[in-house]
Amino acid sequence: EWFDFNVKALDTTNQWTVGASSTATTWAVLAESGGWLRGVTGASLATGGLQLSIPQKYWTGTNGAGFASLIRLSAVTEVRLEQGFADVLPAVATNLVNLASSSFNSTVNAAVYLYDHAGSTTTSGIYAVGTSVAFNSVATTTNRYASGVTLFVALELDGTTVKLWIGPPGGSPLAVRTSAVTATTGMIPFVSIVTSSGSKNCDIDALNFWTLSRV
């Protein structure tokens, strides 16, 4: 499934589940060449979050699952962007990955690309957990989000293995984590963003989801 948001408005009943906290502006089609979707965060963690997901849990490592995005952030300071697969999403404006306790909030099976900037620290990489697999991660320090620049990010689940590509499509994965998730648990694709300082535009050019067994 490929979505470039060019001519079709967001279908929240059948295609997407969307969420926006009280001070955020929810997702809407952006009148820009090529087709974009824009959500605008609020300025605080408690009230300014955004989420976008597909409601059906068809996606498993057993059949193989892929997620790719083209996303542009207006600014990358004091911002957390999480994207990938999860069986359950926490409330809007609640982070999926709890870095302080090396755990996940709400979900028990997930494979996520995390970009987080807080103060002078930037964290990014694969973060995963399974119904029978402990919290695990692989850090990355290259090809991170930059202000106003569209970034390609792709995650692929093959059994219990998660692979991550960032930057131009193709080539070898930037990071790989084996024994990262439970292959049989159904998950949904999602994008989630929060910020603690100033509103940020999160512009999505395209989202792509696929099953490896059908490639």
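Side-chain atoms are counted along with the backbone in the values below, which use heavy atoms only and exclude waters and symmetry mates. We number each residue from 1, following the sequence as shown. No experiment lies behind these values; they were computed from the predicted model shown.
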- With rounding to the nearest 0.5 Å, note down the distance linking CG in L70 to CG in N208. 9.5 Å

- Looking only at heavy atoms, what is the nearest atom pair of A65 and L212, with distance? N-CG, 3.9 Å

- Message: Please report the interatomic distance CD1(I166) to OG1(T142), rounded to the nearest 0.5 Å.
- Response: 7.0 Å

- Item | Whether D87 side chain and G186 backbone form a donor-acceptor pair below 3.5 Å | no

- Message: One pair to check against side chain to side chain contact (heavy atoms under 4.5 Å, CB included): V97 and L99. What are the steps and the verdict?
- Response: CA-CA 6 Å; V97 179; L99 291 172; 4.0 Å; yes

- Message: Does anything in residues 88-122 form a ring pair (Phe, Tyr, Trp, His ring centres under 6.0 Å)? List the pairs, not counting sequence neighbours.
- Response: F104-F135, Y115-Y145

- Query: Going by distance alone, is a donor N or O of one side chain under 3.5 Å from an acceptor N or O of the other, for T185 and T182?
  - Reply: no

- Query: Given the rule in the side chain to side chain contact (heavy atoms under 4.5 Å, CB included) test, do I188 and L89 qualify, once you have shown the distances and angles that lead to the verdict?
  - Reply: CA-CA 9 Å; I188 57 175; L89 295 178; 4.0 Å; yes

- Are any side-chain N or O atoms of S21 and backbone N or O atoms of T23, one a donor and one an acceptor, separated by less than 3.5 Å? no

- Under the side chain to side chain donor-acceptor pair (under 3.5 Å) test, residues paired with S101 that sit two or more places apart: N98, S103

- D203: salt bridge (charged side-chain N to carboxylate O under 4.0 Å, His left out) partners, not counting sequence neighbours: R38, R72

- Message: Could you work out, with salt bridge (charged side-chain N to carboxylate O under 4.0 Å, His left out) as the rule, every residue matching E82, not counting sequence neighbours?
- Response: R80

- Under 3.5 Å side-chain donor-acceptor pair for T140 and S124: yes

- Between OG1 of T150 and CD1 of I71, what distance do you get to the nearest 0.5 Å? 9.5 Å

- Between CG on residue N105 and OG1 on residue T94, distance to nearest 0.5 Å: 7.0 Å

- Message: Ignoring hydrogens, what is the shortest heavy-atom contact between L207 and S69? Give both atom names and the distance.
- Response: CD2-CB, 3.6 Å

- To the nearest 0.5 Å, atom CG of L52 lies from atom CD1 of I204 at 5.0 Å

- Message: So, taking the atom named CZ in F209 and the one named CH2 in W59, what distance separates them when rounded to the nearest 0.5 Å?
- Response: 7.0 Å

- Message: If I compare all heavy atoms of S106 with all of V88, which pair ends up nearest, and what's the gap?
- Response: O-CB, 4.1 Å

- Query: Looking only at heavy atoms, which two atoms of F152 and A68 are closest? And how far apart?
  - Reply: CE1-CB, 3.9 Å

- Message: Tell me which pairs pass side-chain hydrogen bond (donor to acceptor under 3.5 Å, both in side chains) where either residue lies in residues 189-200, with sequence neighbours left out.
- Response: E78-S196, T195-K200

- Message: Whether the side chain of N136 engages the backbone of A128 through a donor-acceptor N/O pair (distance < 3.5 Å, no angle test) should be reported.
- Response: yes

- Do side-chain atoms of S74 reach the backbone of N201 as a donor and acceptor pair under 3.5 angstrom? yes

- Message: Quick check on the hydrophobic clustering: are I126 and V181 connected, directly or via other members, by side-chain heavy-atom contacts under 4.5 Å?
- Response: yes

- What are the two closest non-hydrogen atoms of L50 and A20, and how far apart are they? CD2-CB, 3.7 Å

- Item | W27 side chain to Q51 backbone, donor-acceptor under 3.5 Å | yes

- Evaluate side chain to side chain contact (heavy atoms under 4.5 Å, CB included) for I54 paired with W16, printing each intermediate quantity in order. CA-CA 5 Å; I54 284 184; W16 303 99; 3.8 Å; yes

- Item | Pairs satisfying side-chain hydrogen bond (donor to acceptor under 3.5 Å, both in side chains), at least one member in residues 157-172, at least two apart | none

- Measure across A75 and S147 and return the closest heavy-atom pair with its distance rounded to 0.1 Å. CA-OG, 3.4 Å

